[in-house]
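Take a look at the structure below.
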Amino acid sequence: MSEAVAPDAMVSPAVGVPYGEKAGGPVLDFSYVGIDAILEQMRRKAMKQGFELNIMVVGQSGLGKSTLMNTLFKSKVSRKSVLATAQEKIPKTIEIKSISHDIEEKGVRMKLTVIDTPGFGDQINNENCWQPIMKFINDQYEAYLQEEININRKKRIPDSRVHCCIYFIPPTGHCLRPLDVEFMRRLSKVVNIVPVIAKADTLTLEERDFFKKKIREELRANGIDVYPQKEFDEDAEDRMINEKIREMIPFAVVGSDQEYQVNGRRLLGRKTKWGTIEVENIAHCEFAYLRDLLIRTHMQNIKDITSSIHYEMYRVRRLNENNTVVAHTPPAPLQLTSTGCNSFAMTLPPLQPSTPSISQVG
Amino acid sequence: KVECREVQTGEGARAVPLAGHVGFDSMPDQLVNKSVNHGFCFNILCVGETGLGKSTLMDTLFNTKFEGEPTQHNQPGVTLKSNTYELQESNVRLKLTVVNTVGFGDQINKEDSYKSIVEFIDAQFEAYLQEELKIKRTLHSYHDTRIHACLYFIAPTGHSLKSLDLVTMKKLDSKVNIIPIVAKSDAISKSELAKFKIKITSELVSNGVQIYQFPTDDESVAEINSTMNSHLPFAVVGSTEEVKIGNKMVKARQYPWGTVQVENENHCDFVKLREMLIRVNMEDLREQTHTRHYELYRRCKLEEMGFKDTDPDSKPFSLQETYEAKRNEFMGELQKKEEEMRQMFVQRVKEKEAELKEAEKELHEKFDRLKKLHQDEKKKLEDKKKSLDDELNMFKQKKTAAELLQNQAQQAGGSTTLKRDKERKK
């Protein structure tokens with residue numbers, strides 16, 4: 001029938017050299033095929049479809065999660081949970097609040113979903129407080145999987161999978177708490193975790209550096225792989241960029257949605273008696289790095305890792321748990337070999353009888 | 001123990017204005033960069049009779065010399081030959097696969113010509129489906145071989161479509177994006193060409209053949225696409241030879257009466273084809289293949305295998321459960337077949353054994369017979385020997401008796417009686 005041949009030698013159309021300019025007319029590039037127009041086509045398609053991003057924020061109350069989200073996206077995407085009465089002060093449950101917004105910038109439309117987890121780590125006994133969060137994340141994977149295995153599938157499966165989980169570390173200045181370690185250890189296996197030091201304006205630069213070093217050591221010691229994970233670096237260039245980022249995490253951030261006048265410009269900041277902290281000034285805090293990482297440079301990468309690695313791992317696990325291997329012991333003398341259970345194929349494995357022994361007959 | 005309460009704020013997301021520059025307008029760039037690093041692939045299928053200039057047109061479209069010699073006309077059936085090439089233009093790497101139908105239209109009986117084409121297209125869908133259904137899959141790095149565009153070459157008769165063309169296109173229109181083109185269109189005059197195009201379009205419509213329509217929903221390309229839609233089928237001329245016209249070298253075909261320039265829009269629709277196929281709609285062709293044709297194939301294939309989406313009264317079936325049920329069914333059948341084979345084997349061995357036993361018995365009998373024969377012979381010989389011995393004994397007795405008498409006679413008479421005895425004896 002047909003044979004697919006391995007790619008032949010690189011055949012490259014020569015770049016056009018302008019001909020006969022004597023007439024002074026337009027120079028036509030005759031050997032230009034136009035393959036690179038596909039980039040423009042892709043861009044158009046992406047602009048039309050829009051993008052989706054789902055961020056989860058996890059941390060104890062009062063660490064400034066909502067404020068940081070509002071600062072990141074320069075709009076009120078997250079409502080601060082203000083607990084009024086004493087009864088409401090200690091919530092008995094962890095809620096998972098998922099709010100979606102449509103935002104647009106320069107023609108690019110994005111559906112941003114911020115998933116808040118008020119109540120996390122607020123109880124006296126915080127055992128298993130990561131469970132509802134893990135369940136939520138796995139539920140999103142499950143929903144996507146169910147859609148994917150439908151016979152009649154939607155043209156574009158709505159993506160509610162959590163792409164990124166920002167974990168807020170309280171600025172104690174010493175080391176990670178057991179709760180932090182436990183949580184990050186478990187969740188780094190199912191979702192991209194970006195740890196940040198919250199309210200970093202309470203740390204001096206030396207304290208901050210010491211704290212960060214301590215945190216990095218502890219993460220390494222516990223085998224916690226936070227984003228950008230080392231094993232998913234694609235090539236040397238990637239690794240170089242990501243190494244620089246890895247040396248800086250966790251980012252020490254300060255959030256603010258209030259503007260102040262600094263040096264004649266209106267900037268986001270926090271005004272105190274001893275000075276004004278500019279949020280977007282990298283000399284003051286590392287908010288700008290976080291923003292660049294999450295939004296301007298690595299957003300696509302975060303989504304890719306979620307869909308092609310975390311989701312696939314979930315899928316493998318899920319499909320394997322239903323797939324109990326039936327040990328097929330055929331009666332002697334015929335021996336049938338079956339293909340390994342990695343294959344979900346719809347076709348029958350081929351029959352391969354081995355040579356039987358005559359002595360057993362009769 | 002902590003409980004969890006999930007709170008979702010309704011279906012519709014509310015639009016929120018931004019107070020400053022956030023920076024996610026770089027998303028399309030990030031996406032494009034990722035695709036550039038990954039590379040693209042595009043697969044074209046050329047269907048048409050031998051000698052209509054398919055290979056030449058591919059060479060002309062992509063500005064390279066792709067492959068070998070033209071095929072012979074004596075193929076017994078239609079086979080599909082596919083070749084993959086890596087092209088690069090500026091920073092875009094394209095893995096282009098060109099599939100050619102070899103021997104199409106050459107046979108005397110062409111009833112089955114379309115079958116190998118349909119089988120090939122289905123095989124590519126099947127390969128993708130298999131990969132998608134795997135437990136451990138690598139869709140990210142999978143080399144997509146599904147056909148994105150099918151260029152159907154129509155012979156420039158100037159009259160109408162051949163029935164082979166209609167039948168083949170009808171079979172292919174739900175499986176692949178068909179772009180019909182009139183090949184070697186320099187054989188038709190301009191007025192004949194206009195009539196030919198109208199005839200072809202009306203025949204396609206009246207036979208319900210769905211050819212690919214360039215998309216008109218995106219404003220930036222809607223206008224050009226709808227204009228091009230009205231020019232289908234494109235009348236093309238292909239050539240890799242260059243001819244000097246004025247002070248430029250252009251791709252053309254030179255005749256004694258003039259030169260047909262490939263890239264001159266007054267001469268043929270080559271530029272339109274290139275524009276539509278590559279520069280404007282390549283991505284849309286790929287998307288249509290994936291979201292329409294592949295999904296249709298997948299749906300049909302899965303339904304055929306007995307998978308269902310949801311049962312109205314019970315919970316939705318999971319693909320896994322249905323698979324398990326099917327698997328058990330198959331295993332059961334397998335076991336049954338295995339049992340049958342075993343039975344047959346045992347039967348055969350028994351028969352053979354019986355045969356061998358028969359043969360053994362026969363041999364024994366033969367042996368017995370021979371033995372008996374041998375014994376009889378032996379007995380006969382012994383009898384003979386015995387009688388011979390008896391005779392010998394009698395002879396000996398007679399001899400001794402005679403000698404005794406002789407001795408007596410010798411003792412009584414003289415030598416003369418001895419002589420007489422001797423004479424008597426003689």
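For clarity, every value in this text was computed on a predicted model and none was experimentally measured.
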Of all the residues in residues 36-43 of chain B, which have a heavy atom that comes within less than 4.5 Å of a heavy atom in chain A?
-> B:V36, B:F40
Taking side chain as everything from C-beta outward and backbone as N, CA, C, O, which of these in [X] sits under 4.5 Å from a heavy atom of chain A? Side chain, backbone, both or neither.
X	value
B:L94	side chain
B:V221	side chain
B:V22	both
B:H21	both
B:N91	side chain
B:E287	side chain
B:R137	both

At a 4.5 Å cut-off on heavy atoms, which part of [X] comes close to chain B: side chain, backbone, both, or neither?
X	answer
A:T117	neither
A:E259	neither
A:D235	neither
A:F73	both
A:E280	neither
A:R296	both

If we only count heavy atoms from C-beta on, is the A:K111 to A:H101 side-chain gap below 4.5 Å?
-> no
Are any non-hydrogen side-chain atoms of B:K136 and A:E312 less than 4.5 angstrom apart?
-> no
Is A:K74 salt-bridged to A:D257, cutoff N-O under 4.0 Å?
-> no
List the atom of A:V33, the atom of B:L61, and the distance in Å for their closest heavy-atom pair.
-> CG1-O, 3.5 Å
Please report the C-alpha distance between B:Q124 and B:Y294 in whole Å, then the side-chain angles of each, then the deciding distance to 0.1 Å, and finally whether the side-chain hydrogen bond (donor to acceptor under 3.5 Å, both in side chains) criterion is met.
-> CA-CA 10 Å; B:Q124 310 316 309; B:Y294 169 70; over 6 Å; no
Would you check if there is a donor-acceptor pair between the side chains of A:D36 and B:S90 at a distance under 3.5 Å?
-> yes
